[in-house]
Amino acid sequence: QVQLVESGGGLVQAGGSLRLSCTASGTIVRINDMGWYRQAPGKQREFAATITSDGRANYADSVKGRFTIARDNARNTVHLQMNSLKPEDTAVYFCGARIATSVISSRDYWGQGTQVTVSS
C-alpha cells in the first residue's frame, strides 16, 4: 500500500508565498517522476510542475518563474515553493507520483489534495 500525503496549503494574499510538501510512504521500490497538479472550481485538473528522479524540472507556462519544484529522494518527498501568487492560482493542489512497488510493477498514485486560496 502506498500513500501520498500533502501539506502546506492555506489562504494567502496576492503576491504572497506558500510551500507545499508531499511525502510518499509504503512499499516503495522506486519513485520515478513526482509532480503537482491543480484543479480550480469548475475546471479540469491541470499540470503545474513535475520533477524526475534525477532532478529535471518541468513547469506549466502559467507558473514558470514563480513556482519551484524540488525533491528529497532520501525522504520520498517533493516540495512546491509558490511565490508571487495570483488569485488565478486558487485551486486544490494534488501531488502525483509514478511509483514502483516491485521490480515489474509501477503506476501513478495521488494524494488527497490540499486547498490553496489566493485572495485579491
Side-chain angles (χ1 to χ4, degrees):
Q1 189 78 0
V2 172
Q3 281 190 318
L4 297 180
V5 178
E6 300 119 330
S7 62
L11 172 64
V12 65
Q13 288 188 331
S17 299
L18 283 174
R19 185 175 188 246
L20 306 182
S21 297
C22 170
T23 299
S25 63
T27 305
I28 297 171
V29 172
R30 176 180 172 82
I31 303 177
N32 297 309
D33 289 4
M34 302 184 81
W36 292 93
Y37 297 75
R38 63 187 186 180
Q39 187 167 16
K43 295 187 177 181
Q44 290 189 331
R45 189 175 299 188
E46 65 176 15
F47 156 76
T50 57
I51 186 167
T52 63
S53 57
D54 58 357
R56 286 174 288 127
N58 190 30
Y59 299 95
D61 287 343
S62 57
V63 308
K64 202 171 293 184
R66 300 185 299 121
F67 291 10
T68 302
I69 189 170
R71 65 190 281 173
D72 181 342
N73 290 332
R75 292 178 171 81
N76 293 339
T77 297
V78 63
H79 304 286
L80 186 68
Q81 178 66 43
M82 305 185 293
N83 298 329
S84 301
L85 282 161
K86 305 174 181 180
E88 51 263 44
D89 294 317
T90 295
V92 177
Y93 283 69
F94 296 90
C95 171
R98 175 65 58 89
I99 295 176
T101 55
S102 73
V103 294
I104 59 171
S105 176
S106 68
R107 70 172 182 90
D108 294 337
Y109 291 85
W110 295 93
Q112 79 285 355
T114 185
Q115 177 70 47
V116 171
T117 302
V118 185
S119 63
S120 56

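Starting from 1, each residue takes its place in the sequence as its number. A quick note: this is a predicted structure, and the numbers were derived from the prediction, not measured.
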Residue pair G16 / V12: nearest heavy atoms and the distance that separates them: CA-CG2, 3.8 Å
Tightest non-hydrogen contact, residues T90 and P41, listed as O-CD, 4.5 Å
Side chain proximity check, T101 to Y109, heavy atoms < 4.5 angstrom: yes
If we only count heavy atoms from C-beta on, is the N73 to I31 side-chain gap below 4.5 Å? no
Is it possible for you to say whether Y37 and M82 belong to one hydrophobic cluster, with membership spreading through side-chain heavy-atom contacts below 4.5 Å? no
Between A97 and M34, the two heavy atoms sitting closest are CB-CG, 4.1 Å
Side chains of L85 and F67, heavy atoms from C-beta outward: is any pair under 4.5 Å? yes
CD/Q115: more than 12 non-hydrogen atoms of other groups inside 6.0 Å: yes
Between A14 and S120, which heavy-atom pair has the shortest distance, and what is it? CB-CA, 4.4 Å
Could you tell me whether the side chain of T23 reaches within less than 4.5 Å of the side chain of V5, counting heavy atoms only? no
Gap between atom CD of Q3 and atom CG of N76 - 0.5 Å precision: 13.0 Å
Stepwise, does the side-chain contact (heavy atoms from CB on, under 4.5 Å) test hold for Y93 with E6? CA-CA 9 Å; Y93 283 69; E6 300 119 330; over 6 Å; no
Taking all atoms of both residues into account, what is the closest heavy-atom pair of R75 and T77, and its distance? O-OG1, 2.8 Å
A side-chain contact here means heavy atoms from C-beta on lying under 4.5 Å apart; do R66 and Y59 qualify? no
Verify same cluster id: I51, I28 (apolar side-chain graph, 4.5 Å): yes
Would you name the heavy atoms of S84 and S17 that are closest together and state the gap between them? N-OG, 4.4 Å
Within a radius of less than 6.0 Å around NZ of K64, do more than 12 heavy atoms belonging to other residues, nucleotides or ligands occur? yes
Just to verify, which of N32, D108, L4 counts as forming a side chain to side chain contact (heavy atoms under 4.5 Å, CB included) with I99? L4
Between atom OG of S53 and atom CZ of R98, what is the distance when rounded to the nearest 0.5 Å? 12.5 Å
Point-to-point distance, once rounded to the nearest 0.5 Å, from CD of Q39 to CD of Q44: 8.0 Å
Please determine if D89 and K86 form a salt bridge, counting it only when a charged side-chain N lies under 4.0 Å from a carboxylate O. no
Side chains of C95 and W36: closer than 4.5 Å at any heavy-atom pair? yes
Do R38 and S62 make a side-chain contact, defined as non-hydrogen atoms from C-beta onward lying under 4.5 Å apart? yes
Is there side-chain contact between V63 and L80, with heavy atoms separated by less than 4.5 Å? no
From T117 atom OG1 to L11 atom CG, the distance as rounded to the nearest 0.5 Å: 6.0 Å
Under a single-linkage definition using a 4.5 Å side-chain heavy-atom cutoff for Ile, Leu, Val, Met, Phe, Trp and Tyr, are F47 and F94 assigned to the same hydrophobic cluster? yes
